[in-house]
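Let me begin by presenting the structure, written as structure tokens, before commenting on it.
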Amino acid sequence: KKDDKKKSWSLSDFDLGRPLGKGKFGNVYLAREKESHYVVALKVLFKSQILDSEIEHQVRREVEIQCRLRHPNILRMYGYFHDEKRIYLILEYAKHGALYKLLKERGRFDEKTAAIYVRDLTRALVYCHAKKVIHRDIKPENLLIGHNWELKIADFGWSVHSPSSRRMTLCGTLDYLSPEMIEGKPHSYAVDIWSLGVLCYELLVGLPPFDAKDSSQTYRKIRYVIIKYPEFISEKAKDLMGKLLVINPEQRLPLTSVLQHPWILENAPEGA
Ligand SMILES: O=C(O)Cn1ncc2ncnc(NCCc3cnc(NC(=O)Nc4cccc(Cl)c4)s3)c21
């Protein structure tokens with residue numbers, strides 16, 4: 001509703017429910033807006049932990065980016081507010097939680113399920129890139145599953161406008177970093193195409209392609225694209241991943257071509 005925009009929210013507008021997840025900067029709670037009974041997820045960030053300008057600036061950029069994005073496969077941010085100690089992000093509630101939890105429960109997904117998630121993620125990234133937004137942090141922890149089991153990209157805390165050479169100050173897992181990001185080179189939209197390839201592999205195998213004992217091994221595997229495909233992976237799936245996990249960013253398969261790839265057409269037919 002239009003008036004949502006003008007209204008400034010406060011914690012007293014919500015009944016707080018159970019914690020949904022625990023994050024580095026704060027926790028996420030189920031919450032219900034008192035008047036409309038609308039259910040949301042409320043991410044609480046502690047100012048004490050994010051006061052250094054770098055992160056506060058990131059939260060501001062995330063809010064401005066997120067409020068411009070409207071897509072079925074992108075988790076909505078309805079707004080935000082703060083009190084003296086915390087910043088609150090008012091988010092769309094994703095009923096089935098984070099994809100990494102489903103992946104851990106199931107071990108790995110069959111090709112049809114994986115292809116549907118890859119297709120949905122690709123559609124969301126086509127939309128983001130058209131809006132000149134690079135997500136830069138695609139990984140199962142940041143992908144949530146809605147009540148119709150649809151995938152939703154979340155946490156634009158690391159997204160930037162392209163092109164950017166912002167370094168990854170607080171990087172989590174290295175597994176999803178592209179070669180150009182690892183080398184601190186200027187990077188573009190193509191980093192999201194690389195991480196789409198990494199995600200596709202992890203959904204099908206249950207482990208990321210460059211998984212290794214320590215980070216130096218992971219670095220080496222990423223830089224020389226050292227990948228082993230288990231024998232249960234179909235030729236078509238291998239063909240798609242081989243076209244995404246390419247060192248040279250310009251040679252990676254464009255996202256629009258991913259949607260036309262035989263593996264997607266065969267396993268994630270339109271509308272499924
Ligand atoms: O994730 C779970 O497992 C819990 N869970 N389960 C269901 C569910 N439904 C909705 N949201 C959830 N979680 C919040 C997802 C986020 C979206 N946007 C974010 N943005 C952010 O964290 N920004 C941010 C933080 C710290 C610093 C900086 Cl710079 C930026 S987090 C849900």
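Nothing fancy with the numbering, it's 1 onward along the sequence. As the structure lists them, so they are numbered: ligands from 1, and atoms in each ligand from 1.
- Listed by number with element, the atoms of ligand 1 under 4.0 angstrom from any heavy atom of Leu89 are 20 (N), 21 (C), 23 (N).
- Ion pairing between a basic and an acidic side chain is recognised when a charged N comes within 4.0 Å of a carboxylate O; Glu141 and Lys139 show no such pairing.
- In summary, the aromatic rings of Phe210 and Trp194 are positioned with their centroids under 6.0 Å apart.
- Near Ala41, meaning under 4.0 Å from any of its heavy atoms, are these atoms of ligand 1: 9 (N), 10 (C), 11 (N).
- Relative to atom 20 (N) of ligand 1, the option among Lys152, Arg61, Glu62 with the closest non-hydrogen atom is Glu62.
- Legend: side-chain hydrogen bond (donor to acceptor under 3.5 Å, both in side chains) pairs involving residues 91-109, not counting sequence neighbours, sorted by first then second residue: Glu92-Lys152.
- Atoms of ligand 1 lying under 4.0 Å from any heavy atom of Lys101, numbered from 1 in the order shown and given with element: 3 (O).
- Between Tyr80 and Trp9, the distance separating the two ring centers is not shorter than 6.0 angstrom.
- No donor-acceptor distance shorter than 3.5 angstrom exists from the side chain of Asp239 to the backbone of Glu235, with no hydrogens or angles considered.
- Where the criterion is an N or O separation shorter than 3.5 Å, residue side chain and backbone included, Glu141 fails it with respect to ligand 1.
- Of the listed options Leu45, Leu30, Val28, Leu45 places a heavy atom closest to atom 25 (C) of ligand 1.
- Note on ring orientation: taking the six-membered ring where Trp is involved, the planes of Tyr127 and His71 are tilted (angle from 30° to 60°).
- Close approach to Val59 involves these atoms of ligand 1, each under 4.0 Å from a residue heavy atom: 28 (C), 29 (Cl).
- Atoms of ligand 1 found under 4.0 Å from any heavy atom of Ala98 (numbered from 1 in listed order, with element): 3 (O).
- Applying the ring-ring contact (aromatic ring centres under 6.0 Å, His included) test to Phe109 and every residue at least two apart in sequence or in another chain returns Tyr117.
- The distance from ligand 1 to the heavy atoms of Ala94 drops below 4.0 Å at these ligand atoms: 7 (C), 8 (C), 9 (N), 10 (C).
- Taking a cut-off of under 4.0 Å to the non-hydrogen atoms of Glu92, the atoms of ligand 1 that pass are 9 (N), 10 (C).
- Of the candidates Ile145, Leu20, Leu144, it is Leu144 that places a heavy atom closest to atom 12 (C) of ligand 1.
- Looking at Arg136, its side chain never comes within 3.5 Å of a backbone N or O of Val133 through a donor-acceptor pair.
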